[in-house]
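See structure below.
For the numbers below, each heavy atom of this structure counts, side chains included, while hydrogens, waters and symmetry mates do not. We name chains A, B, ... by the order of the sequence lines, and we start the count at 1 in each one.
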There are 2 protein chains.
Amino acid sequence: MNSNNVTIYDVAREAGVSMATVSRVVNGNPNVKPTTRKKVQDAIDRLGYRPNAVARGLASKKTTTVGVIVPDISNIFFADLARGIEDVATMYKYNIILGNSDSNRDKEIHLFNTLLGKQVDGIIFMGGRLHEDLVNEFKKSPVPIVLAATLNQGYDLPAVNIDYEQAAYDATEMLIGHGHKQVGFITGPLEQQINGEKKFSGYRRALDDAGLPFRENDVVLGNYTYASGLEAMQKMLERDDCPKAIFAGTDEMALGVIHAIQDAGFSVPNDFEVVGHDNTRLATMIRPKLTTVVQPMYDIGAVAMRLLTKILNAEEVEEKNVVLPHRIERRDSVRQD
Amino acid sequence: MNSNNVTIYDVAREAGVSMATVSRVVNGNPNVKPTTRKKVQDAIDRLGYRPNAVARGLASKKTTTVGVIVPDISNIFFADLARGIEDVATMYKYNIILGNSDSNRDKEIHLFNTLLGKQVDGIIFMGGRLHEDLVNEFKKSPVPIVLAATLNQGYDLPAVNIDYEQAAYDATEMLIGHGHKQVGFITGPLEQQINGEKKFSGYRRALDDAGLPFRENDVVLGNYTYASGLEAMQKMLERDDCPKAIFAGTDEMALGVIHAIQDAGFSVPNDFEVVGHDNTRLATMIRPKLTTVVQPMYDIGAVAMRLLTKILNAEEVEEKNVVLPHRIERRDSVRQD
DNA sequence: TTTCCAATTGGAAACGTTTTATATAGCGTG
DNA sequence: CACGCTATATAAAACGTTTCCAATTGGAAA
């Protein structure tokens, strides 16, 4: 039986009640006599009725769908986040419309408007940088927006993050604690606030606190990829004053760094120590296993979605700017204390 | 100006035309005088009108949304596939609703019905195995379904895959060609047809064609993960008659295999040769770099979505069962010829 | 019985489009 | 100048729900 095109009217006729009653049964409204409810339920089963969510969305102005804007779902980092989002969404009976922005402003804006057109109930946004034009669109948004792993640069959007500055500080400090007078920092584009402001300033602060000089040379920019980490480290190795301790902005870059070091005939952690960032699955897929800053991606996604559901249900939200804890997972790419 | 809640009526009034005319302008219908079109367009811009896709979906019975069912988006393999799907979807003005099934039958069925309830125009399904119950649901589907990287076991659903049997044959044959009389095969669950039937039979056929005996011991089952590859190889290494050539069912397992070998003090490719499967980004993130069967995940996703759009537009489809080419990418985990 | 209130149920409007059938305007033609 | 078209524009009916309000029903109380 094609459960398609059987409407609430058909069920009403079959059950001998009005459509309003069927609607009540379907929505679990308590104002229905048990016997009636059963009669309707039977008719629903018999006909294979499946409520039309589009019609429902039009009438109720709720679609139980949220939009998710992500730079690139094929990036393990965002894939994990997305999984966290989706799991919690499912838990609360929402579905997600997923779109890739490539961190491109125009795509972000276009996607955002498409999602609004589809009448999503809310949006979760991830992106390296909050472009002003985008924020202007956000300000007009008829639905709530939550940022995930994205800093809200001065705008007061709800957001879920870790303390990137402190995390970078911790990683750098650990390296310094191992006796290094010089620490290399290989990170992503500085335009992105997380790298340019947070991680960078954490790195500098650790240097300062230890009374070590900051050397411009010791900071190299990559683009998050393995190849860029490899290349950055190769370049660094050519120098006479190459730092023997490296803090890499992502695990993937850290892998590249380790391989560059090994390719040059050196050992990690004996000759060089390396710390990564994010604790993706990659961290244990290399020898030596990578010591890395744990950024709980899945949790960030899950908490962001939970936060959104709270806002949608007008539940009490104590703190709109959630900062999740981070820590350093010690493995074999640094020496034991 | 809150572009919210301005309807087609408002635009019509503002432009001094009827709503039907506005609808035509919005939908690019040619039966509108240029001057009228301009007038309407101006009104749209002035009011910041954004068509309500839900209302549109109800009236037109098309939502320009497709459902995507994936076992786990946080798995790099499916994330790549999803990216291929989404890119092509965007190209054709579709959005995707993404759901994770964990390859669980009940979740698959539930998700499928939810998607139908949301009136998606079509569905792309990925999953290790097509459970009978699911297929029964598929058969009643009012919208087209396309399988991606999923074998349609006897049912005639459109599908996009590579020739897994031949790919496994090629990989095994190459190893045999390097003089091995014994080849280990570490793969995923045999219930999943791709492993149990296709890859396994390709492996056996290569053995047979080379006149080599099949040894049950040489086949070890894992669950696709790094850890399972590592463990499987460790177990194999304990044997006296451990094969010196390994074909792993996924790259991630291959990395585990290589590390198990290296941890035991052996060298790849000198002592052991290893071939992976999929050519995920992981393949180049290990030393030695992994030789692997190239399964073009992104392309499979892209082609599957393109196929779906063709079906939705009632375009001519020459072949519903697409088999994309595969090849072996030679890197350093096998010896040079 | 009657009366009255609470519990159920029904009717109809509303949601914002698309779409079909119909009307109107403009214009070349005979 | 009337006629018949064609090109445009309008009106109104779907689309399948939710939801507000009114109507009915069933009992308990009087």
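Atom CZ of A/Arg13 and atom C1' of C/dG10 are 16 Å apart (whole Å). Atom P of nucleotide C/dT17 and atom NZ of B/Lys62 are separated by 19 Å, given to the nearest angstrom. Remark: P of C/dA12 and CD1 of A/Ile8 are 16 Å apart, rounded to the nearest angstrom. In this structure, the NZ atom of B/Lys33 is 9 Å from the C1' atom of D/dA7, given to the nearest Å. Residue A/Asn5 contributes atom CG, which lies 11 Å from atom P of D/dT17 at whole-angstrom precision. Across the protein-nucleic acid pair, A/Lys118 atom NZ and C/dG16 atom P stand 18 Å apart, rounded to whole Å. For the pair A/Lys38 NZ and C/dT8 C1', the interatomic distance rounds to 19 Å; values are reported in whole Å. Regarding B/Tyr9, its OH atom lies at a distance of 10 Å from the P atom of D/dA12, rounded to whole Å.
At a threshold of 4.0 angstrom between heavy atoms, the contacts of B/Thr21 include nucleobase atoms, whether or not backbone atoms are also involved. Within 4.0 Å of B/Val32, counting heavy atoms only, lie sugar-phosphate atoms of the nucleic acid but no base atom. At a threshold of 4.0 angstrom between heavy atoms, the contacts of A/Val17 are confined to the sugar-phosphate backbone, with no base atom among them.
A salt bridge links B/Asp10 with B/Arg13: the distance from a Lys NZ or Arg NE/NH1/NH2 to an Asp or Glu carboxylate oxygen falls below 4.0 Å. Residues B/Asp42 and B/Arg46 are not paired through a salt bridge, judged by the lack of any N-O separation under 4.0 Å between the basic side chain and the carboxylate. Using a 4.0 Å cut-off between charged side-chain N and carboxylate O, B/Arg83 and A/Asp72 make a salt bridge. The existence of a salt bridge linking A/Asp121 and A/Lys62 is excluded, since no basic side-chain nitrogen approaches an acidic carboxylate oxygen closer than 4.0 Å. Between B/Arg306 and B/Asp87, none of the side-chain N atoms (NZ, or NE/NH1/NH2) sits under 4.0 Å from a carboxylate O, so this pair counts as no salt bridge.
A/Lys61 has a side-chain polar atom (N or O) that falls below the 4.0 Å cut-off from OP1 or OP2 of C/dG16. Phosphate contact (OP1/OP2 of D/dA11, side-chain N/O of B/Ser18, threshold under 4.0 Å): absent. Contact between the side-chain N/O atoms of B/Tyr49 and the OP1/OP2 oxygens of C/dT17 is found at a separation under 4.0 Å. In this structure, A/Asn31 does not reach the C/dT9 phosphate: none of its side-chain N or O atoms is under 4.0 Å from OP1 or OP2. Remark: B/Ser60 is not in phosphate contact with D/dC15, judged by side-chain N or O atoms under 4.0 Å from OP1 or OP2. Of the side-chain N and O atoms in A/Thr36, one or more sit less than 4.0 angstrom from OP1 or OP2 of C/dT9. The side chain of A/Ser23 places an N or O atom within less than 4.0 Å of a non-bridging phosphate oxygen (OP1 or OP2) of D/dT18. A close approach under 4.0 Å does not occur between any side-chain nitrogen or oxygen of B/Asn52 and OP1 or OP2 of C/dC15.
Pair assignment for D/dA30 gives C/dT1, based on Watson-Crick or G-U wobble hydrogen-bonding distances that are each under 3.5 Å.
Relative to the side chain of B/Arg24, the nucleotides D/dA9, D/dT17, D/dC21 differ in distance, and D/dA9 lies closest.
Annotation: of the two residues near DNA chain D, B/Pro30 and A/Pro51, the 5′-most nearest-nucleotide partner is B/Pro30. Between B/Ala20 and B/Leu58, the residue whose closest nucleotide on DNA chain D is further toward the 5' end is B/Ala20. The nearest heavy atom of DNA chain C to A/Met19 and to B/Val26 marks one nucleotide each, and the one closer to the 5' end goes with A/Met19.
With rounding to the nearest 0.5 Å, the separation of CD1 in B/Ile145 from CG in B/Leu116 is 7.0 Å.
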